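This one's a predicted model, so the numbers in the text were calculated from it and none came from an experiment. To find a chain, count down the sequence lines: A is the first, B the second, and so on, and within it residues start at 1.
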Amino acid sequence: MLDLRLIRRDPDAVRSALARRGPQVADSLDRVIALDARWREATQAAEGLRAEQKAASERVAAGKREGRDVGGELDRLKLVSGEVKALGEQARGADGELQELLRTLPNLPDPTAAEPDDEVLRIVGEATRRDGGRDHLELAGERIDMERGARLSGARFAYLRGDLAMLELALVQWALTKLRGHGFEPVIPPVLVREQALYGTGFLPDTEQQIYHLPADDLYLVGTSEVALASIHAGEILDAAQLPLRYAGFSPCFRREAGAAGRDTRGIFRVHQFDKVEMFSFVEPDAGKDEHERLLAIEEEILGELELPYRVVNIAVDDLGASAAKKYDIEAWLPGQGRYRELTSTSNTTDFQARRLEIRARGESGKPEILHTLNGTAVAVGRTLIALLENGQRDDGSIALPAVLAAFGAPAELPAAVT
RNA sequence: GGAGGGGUGGCAGAGCGGUUGAAUGCACUGGUCUUGAAAACCAGAGUCCGUGAAAGCGGAUCGCGGGUUCGAAUCCCGCCCCCUCCGCCA
């Protein structure tokens, strides 16, 4: 949610920032401004009359106490009451329209968000097997069981079996341990949430066709634990001295992938359910940019220790999503596809989510202030497994695994798939 | 799933439909007193919106949203949450 006061104070700056997301977005802003003016006018009229009504009402109360006849006053007040109601109705109507429209406006992009295209910031590590290697499905064999997964649940579902199941748990345990060392509190959140949590994080209205809905209970399956982590402090006024607050969520993630038909259909690159360790930070407004770089640095540290070649991309304004002001993706080199593909993503959502979720902090000034939130992928398990398999593959089909995982229960290496 | 009870300020806890934004206690912040502290006494504190340069002024807020009424923390309806008992259950 954008700051209405900022819109009033500096509409031109907001308009030109929004214009980077497209002309129709900037047009909505003008309607917001008009509705706001209408609302303020109606509100002021309603509140003025309401003040009179209250004063008169107190006179009636006093009169009754003293045993005076207040019949005439009451008749007059009945008329006032009707007017107050009508004016209040007008104000509420304008406010309703205003809020509805305001909810559809995306966050203001950061001046340094890329435009018009994604910008590759750096390439780290050597992209191996540029001529193509085996892909993760060939390498995994029945350790990734798509056929039986499909028989059970349909397309884009898989069983992870044997060593890969253990490898997944090792990755998760390793990541959570590492993040804890970086000051993140490990959290296992609910994955079924109310609509409010999705509005609060900006996934609604925006990505409705991605989200599983359980109508019998009116609950939604989250596509990322970001939804639950952001809401952990919803409605709270935090002590600024406690900030930053950092959480590492581990959860399954569910995505309908409607509209992605035919895309990335092979293997577990794009599936309906996967596990993910997610970082989430609550920070003071002026600490947001540094925190974003920090999250990116942790993501790079993780990929580095996993010995995966990658590149860092500053995502273009059109691909930011509603809540992000700026977003970095890290794309790992996948020999099986012969290209870099998204493995992690970190967004600075500034005050956009915090305002919707009413998360504030009280600092030196004593005034509660909307804080800033950021999120970033630590380990998207499925895609990380793909990258580990494809980059670790040897000519004989066996797979070398990074040393850091062994201490967390991962096999030292994976034998070639039986064919 | 069935049957009850309840949600009031940071906490505890009052509140016949009419100066109740809300008693009282604790906690908190200033001040007086004191060498200092404690105690005591006095005063002040929430949040949100509008207006204003500011002081201030006005409105909203007793889980949330509607309704009744000249007037609602108090009455009615819907929703959310918490608790107790029974049933079921990893």
**OP:** With syn defined as a glycosidic angle within 90° of 0 and anti as everything else, classify B:U34.
**Re:** anti

Subject >> Ring-ring centroid check A:Tyr247 A:His233, cutoff 6.0 Å >> reply: yes

Original post:
Is any side-chain nitrogen or oxygen of A:Ser81 closer than 4.0 Å to OP1 or OP2 of B:G71?
Top reply: yes

Subject >> Per A:Arg360 side chain, nearest of listed nucleotides B:C48, B:G59, B:G71 >> reply: B:C48

**OP:** Compare the minimum distances between each of B:G59, B:C48, B:G18 and the side chain of A:Pro368, then state the nucleotide with the smallest one.
**Re:** B:C48

**OP:** Could you please name the option among B:U68, B:G50, B:G18 that lies closest to any side-chain atom of A:Val60?
**Re:** B:G18

Subject >> Aromatic ring proximity A:Tyr328/A:His292, centre distance under 6.0 Å >> reply: yes

Original post:
Quick one: is B:G18 close enough that its OP1 or OP2 comes under 4.0 Å of any side-chain N or O from A:Arg59?
Top reply: no

**OP:** Examine B:A60: is either OP1 or OP2 under 4.0 Å from a nitrogen or oxygen in the side chain of A:Lys54? Give yes or no.
**Re:** yes

Original post:
How about A:Tyr159 and A:Phe157: are their ring centres within less than 6.0 Å of each other?
Top reply: no

Subject >> Between B:A73 and B:G7 - P atom distance, rounded Å >> reply: 16 Å

Original post:
Any side-chain N or O of A:Gln53 less than 4.0 Å from the OP1 or OP2 oxygen of B:G71?
Top reply: yes

**OP:** Find out whether A:Leu160 and A:Leu385 are in side-chain contact, i.e. whether some heavy atom of one side chain is under 4.5 Å from a heavy atom of the other.
**Re:** yes

**OP:** Ignoring the backbone of A:Arg50, work out which of B:U69, B:U51, B:A60 is nearest its side chain.
**Re:** B:A60

Original post:
In terms of base orientation, is B:A38 syn or anti, with the syn window spanning 90° either side of 0?
Top reply: anti

